[in-house]
Number of protein chains: 2
Amino acid sequence: MGKVLSTAEVRRETVVASAIRAFSRSGYLGTPIAKVAEEARISTAYVFKLFPGKEALFVAALERCFELVLEALEAGAAGATEQTPEGVLDAMGDAYAHLIADRDLLMLQVHAQSASDVPEVRQALQRGLARVTEFAASRSGADDSSVQRFIAYGQLCHLIVTVGVENIDSNWARLLSEGITHPA
Amino acid sequence: MGKVLSTAEVRRETVVASAIRAFSRSGYLGTPIAKVAEEARISTAYVFKLFPGKEALFVAALERCFELVLEALEAGAAGATEQTPEGVLDAMGDAYAHLIADRDLLMLQVHAQSASDVPEVRQALQRGLARVTEFAASRSGADDSSVQRFIAYGQLCHLIVTVGVENIDSNWARLLSEGITHPA
DNA sequence: GGAGGTAGTGAGTGTACGGTCACTCATATG
DNA sequence: CATATGAGTGACCGTACACTCACTACCTCC
């Protein structure tokens with residue numbers, strides 16, 4: 001927090017950023033550390049000096065991902081035109097939809113769910129989901145079922161993107177993405 | 001359809017069943033064909049005689065998965081106490097929750113989303129989602145936004161299982177799983 | 001200028017896995 | 001019996017990848 005970052009710690013942060021991009025493209029098992037290293041303009045060996053192993057790197061990326069999501073929700077809530085519970089929830093939803101237009105943070109969460117049989121990954125997911133849910137509830141003041149719906153539609157959003165519903169011209173496709181904010 | 005199955009085709013079906021179990025446990029990339037073969041009491045080489053490759057086997061498993069889901073929804077709808085749109089949707093929701101108590105069909109869908117960068121997998125997902133959505137809409141007669149909500153809460157269900165919300169004793173966890181039918 | 005620590009790397013090792021191939025065994029048919 | 005066909009397998013190959021280690025380049029402070 002108050003501590004000045006050493007060069008290695010700065011490096012770690014850039015590597016985490018690269019890891020988010022790389023892992024989001026091909027998932028936990030599908031992404032070799034070498035790809036992350038390449039993306040960070042660093043040797044593969046050095047990645048292992050900065051992180052104890054692939055698992056820890058993935059978890060670090062996932063944690064950063066949730067941090068970014070929370071920041072976006074916070075900003076969205078602050079910019080809500082109506083500060084009613086539903087108004088705030090809607091604003092957070094829009095902010096989330098806007099944030100994940102680049103797909104990186106979204107896909108990383110999807111891949112993390114798929115890798116949730118790794119205990120550390122599952123725990124990171126739990127922590128992230130806890131923070132998001134608790135923040136959405138307390139910041140909006142909405143009742144439980146509204147918050148539950150908020151999370152559920154977030155997941156629907158993930159489905160829409162992974163399946164590529166957006167570029168299907170069909171009734172069922174329109175039905176699913178109705179009201180989900182477009183990446184204009 | 002009317003054709004009598006040859007032994008090889010029977011074999012293919014049992015292998016698909018094994019594939020569902022194996023892939024659901026460790027995902028597309030995390031599951032070696034050898035594990036599927038072992039589960040089916042068959043040599044690895046023979047799996048490659050029955051299916052052109054890993055990708056095709058995974059897709060076959062995914063397609064079977066959606067078939068089972070549709071059957072469950074159909075049965076659930078038929079057993080609905082009230083044949084109103086909302087009543088039928090609720091019954092289908094309960095049937096789905098009951099079906100995926102064993103986690104196999106659920107996890108397979110999650111892993112498929114993570115592997116959706118493989119075109120064949122993405123297309124299989126599209127077909128499956130299309131059939132499920134269209135069936136839910138036409139069989140229940142509910143309006144679009146209700147069907148959308150139905151799918152969204154299905155995804156929430158996936159999230160709850162993958163992150164293991166059920167065995168967390170905390171407010172946010174209860175909030176998320178409220179009203180989702182338990183595997184009693 | 002040299003001693004010691006920190007950033008960073010090249011070249012490897014062991015292993016797991018997708019896919020292939022040459023083969024065996026059982027059955028059926030004439 | 002001879003032969004053909006399809007079920008089923010063991011042994012193998014090439015490659016990709018997580019992780020290691022011995023090493024160099026640089027920086028800083030005396």
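Note that the structure is a prediction, hence the values are computed from the model and not measured. Quick note on labels: first sequence line is chain A, next is B, and so on, each numbered from 1.
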Which nucleotide in dT20(C), dA7(C), dC17(C) has an atom nearest any side-chain atom of Ala45(B):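 The closest nucleotide is dT20(C).
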Minimum-distance nucleotide (side-chain atoms of Tyr46(A) versus dA18(D), dA7(C), dG18(C)):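 Given the options dA18(D), dA7(C), dG18(C), the side chain of Tyr46(A) is closest to dA7(C).
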Would you kindly give the [atom1]-to-[atom2] distance between [X] and [N], to the nearest whole Å?
X        : N       : atom1 : atom2 : value
Phe58(B) : dG18(C) : CZ    : C1'   : 16 Å
Leu50(B) : dA7(D)  : CG    : C1'   : 9 Å
Ile33(B) : dG10(D) : CD1   : P     : 17 Å
Ile42(A) : dA7(C)  : CD1   : C1'   : 9 Å
Glu38(B) : dG10(D) : CD    : P     : 13 Å
Arg12(B) : dG6(D)  : CZ    : C1'   : 12 Å

Ser43(B) vs Lys54(A), nearer the 5' end of DNA chain D by closest nucleotide: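 Mapping each residue to its closest nucleotide by heavy atoms, the 5'-most match is Ser43(B).
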Closest-nucleotide 5' rank along DNA chain D - winner of Phe48(A) and Thr44(B):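 That would be Thr44(B).
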Contact under 4.0 Å: Arg11(A) side-chain N or O vs dG8(C) OP1/OP2: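 For dG8(C), OP1/OP2 do have a side-chain N/O of Arg11(A) under 4.0 Å.
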Distance-only donor-acceptor test (3.5 Å): side chain Lys49(B), base dG8(D):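 Indeed, a donor on one side and an acceptor on the other fall under 3.5 Å apart.
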Under 3.5 Å side-chain donor-acceptor pair for Thr162(B) and Gln113(A):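 Their side chains do contain a donor-acceptor pair, which is all the 3.5 Å distance test asks for.
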Donor + acceptor pair across side chains of Gln109(B), Gln155(B) (<3.5 Å):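 The answer is no; no qualifying pair exists.
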Nearest-0.5 Å distance that lies between atom CG in Leu62(A) and atom CG in Leu57(A):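 Separation between the atoms: 11.5 Å.
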Ala142(A) backbone acceptor or donor facing Ser146(A) side chain under 3.5 Å: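 Pair absent, no side-chain N/O of Ser146(A) close to backbone of Ala142(A).
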